[in-house]
Amino acid sequence: MAYVLITFIVLLFLNIYCSQTSQELFIQSKEDSMIEKCHLAAAEVAKLDVLNTSTVSDVISRMDSLRNTRMIVVDHTATALYDSNSDNSSVGTFVLLPEVVEALTGKLGNDVFSYQYRDGVMQSRSATPIVSYGKVVGCIYMMEHDTAQGALIQSLQRNVLWITMVLELLVFLFTIVFAAMFSSRLRRMLASMRIIRSGDYTHRVRMGGNDQLTSLGDEFNSLTERLQASEDRRRQFVSDASHELKTPLASIKLLTDSILQNEMDMQTVREFVGDIGNEAERLNRMSQKLLSLSKVESTPEVEYEIIPMSPTAERVLRMLSSLAAENSITIETTFEEDPPILICEDDLYQIAFNLVENGIKYNRIGGKLTVSIFRNGENAILQVSDTGVGIPEDAQTHVFERFFRVDKARSRSTGGSGLGLAIVHDLVQRNQGTIMLSSKAGEGTTFTVSFPVFDPEEVGE
Ligand code: ADP
């Protein structure tokens, strides 16, 4: 609305400016022509030796160009010597008109011009002194009534007014149309937002055009796409999780039904109850891992420390030494340069734990597991290598996905849930690290985790 108001004010000023300029232009041309006539007459009269009514009338009557102009010639005492209006002649009287007085008393050669514009009539008056031998000996006074020129000015002003009004009307109409279009597009955007809010993430807004609203629409669509992707991931996760939880629950149900419905000896009942316990244990482990996964996502802010990796790795190895012994796995460590890194110690523990545990779980009986820590340029490396079953090439890109297991039966028998590597991946990312794997089916797997070395100088800068 402010924009319309400004346009209106600008047009109004334009209108006033045009009217004034046109009037000034006319007046200027009028002044020029009248002063020129005055000069012409003054020059002729100045040539006379004697200034009196007959000599002046004689000269003026010979000048054709002055025929239609009311003209009075006065001497230096302002007494009229000639008057073109014979009906109302002022000859012999003092003509004390302001223009005459100014021309006689003003500077030598001073031209005087004045005008009055009223009711479509322009009255212009001019006076020029008659100078002879450096002395003012009289003056020429002229007066013109101009109805034609006045009408012209009036019509010009009227035209400018009309043009201004038409322009203002156009601006007004344009504003109404523009505002209507704008608000209809905003309404469309609002409707789309409501649809998305109701949960339909497949909806996309179509703004059309090529302006800021279009960019807003594009941004909105890309936001919705991300919402849709995250919603898809959430749905997938819920469905995977419930599927995974369903299997041990179904086993428990089956086992309890068998115990209740069949006559069994104590030994078989014990075995069945033991299986129930295992399934319950698996459920417990899975819910623990699901909890730690959601913790990674819900607590982006963790406590970082500047630490080397080997103490944490040693703690993990101590924890898992009995599991390694059960499977007759020999553990080797090669801790070379161990530079400090900025990391959450709990995260590092969890990363090392899952990788070492997998290296034991998916190893062969009597196999080897090597844990190395070393520096590679600006990175500190933790490497876990085993001589186990390996991961087939087509599965390597999927092992970091939630609930992915290469060999479901083996994973189940080792109590796997398919969540360990997904947790490792998220934790490594949260600590600005990277993880890579190289593996050959049947030969073994190496996981390489890399974190930037903490450089106090870089931080201090
Ligand atoms: P799980 O709890 O099943 O071990 P992970 O996410 O830790 O889940 O691992 C996903 C899958 O990747 C495992 O089921 C297994 O098939 C494979 N895998 C992980 N680590 C190794 C390894 N060191 N050697 C061979 N296969 C592995």
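Reckoned from all heavy atoms, side chains included, excluding hydrogens, waters and symmetry mates. Order of appearance sets the numbers: ligands from 1, and atoms from 1 within every ligand.
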message: Check Arg125 with Glu144, please: is the shortest side-chain N to carboxylate O separation under 4.0 Å?
response: no
field: Salt-bridge present (Asp240, Arg233; N to O < 4.0 Å)
entry: no
For [X] and ligand 1, does the shortest N/O to N/O distance drop below 3.5 Å?
| X | result |
| --- | --- |
| Val406 | yes |
| Arg405 | no |
| Gly420 | yes |

- prompt: Does the pair Asp111 and Ser126 meet the rule for a side chain to side chain donor-acceptor pair (under 3.5 Å), with working shown?
  reply: CA-CA 7 Å; Asp111 297 319; Ser126 72; over 6 Å; no
message: Does only the side chain of Phe400 get under 4.0 Å from ligand 1, or the backbone, or both, or neither? Count heavy atoms.
response: neither
message: Heavy-atom distances under 4.0 Å decide this one: backbone, side chain, both or neither, for Leu421 against ligand 1?
response: both
- prompt: In terms of heavy-atom contacts, does CG of Asn210 have more than 12 from other residues, nucleotides or ligands at under 6.0 Å?
  reply: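 Not buried by this count: 12 neighbours or fewer within 6.0 Å.
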Could you state the interatomic distance from [atom1] ([X]) to [atom2] ([Y]), rounded to the nearest 0.5 Å?
| X | Y | atom1 | atom2 | answer |
| --- | --- | --- | --- | --- |
| Met165 | Glu168 | CE | CD | 8.5 Å |
| Phe400 | His425 | CZ | NE2 | 6.5 Å |
| Ser417 | Arg405 | OG | CZ | 7.0 Å |

field: Derivation of the side chain to side chain donor-acceptor pair (under 3.5 Å) call for Asp32 and Ser29
entry: CA-CA 5 Å; Asp32 289 349; Ser29 76; over 6 Å; no
query: Quick one: which ligand 1 atoms are inside 4.0 Å of a heavy atom on Leu419?
result: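 Taking each heavy atom of Leu419 in turn, ligand 1 has 6 (O), 8 (O) under 4.0 Å.
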Option set Gly418, Gly388, Ala395, criterion heavy-atom distance to atom 1 (P) of ligand 1, minimum: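 Closest candidate by heavy-atom distance is Gly418.
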Shortest reach to atom 15 (C) of ligand 1 by a heavy atom, considering only Phe447, Phe403, Tyr362: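 Heavy atom nearest to atom 15 (C) of ligand 1 belongs to Tyr362.
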Does [X] reach ligand 1, in the sense of a heavy atom lying below 4.0 Å from it?
| X | answer |
| --- | --- |
| Lys361 | yes |
| Asn354 | no |
| Ser417 | yes |

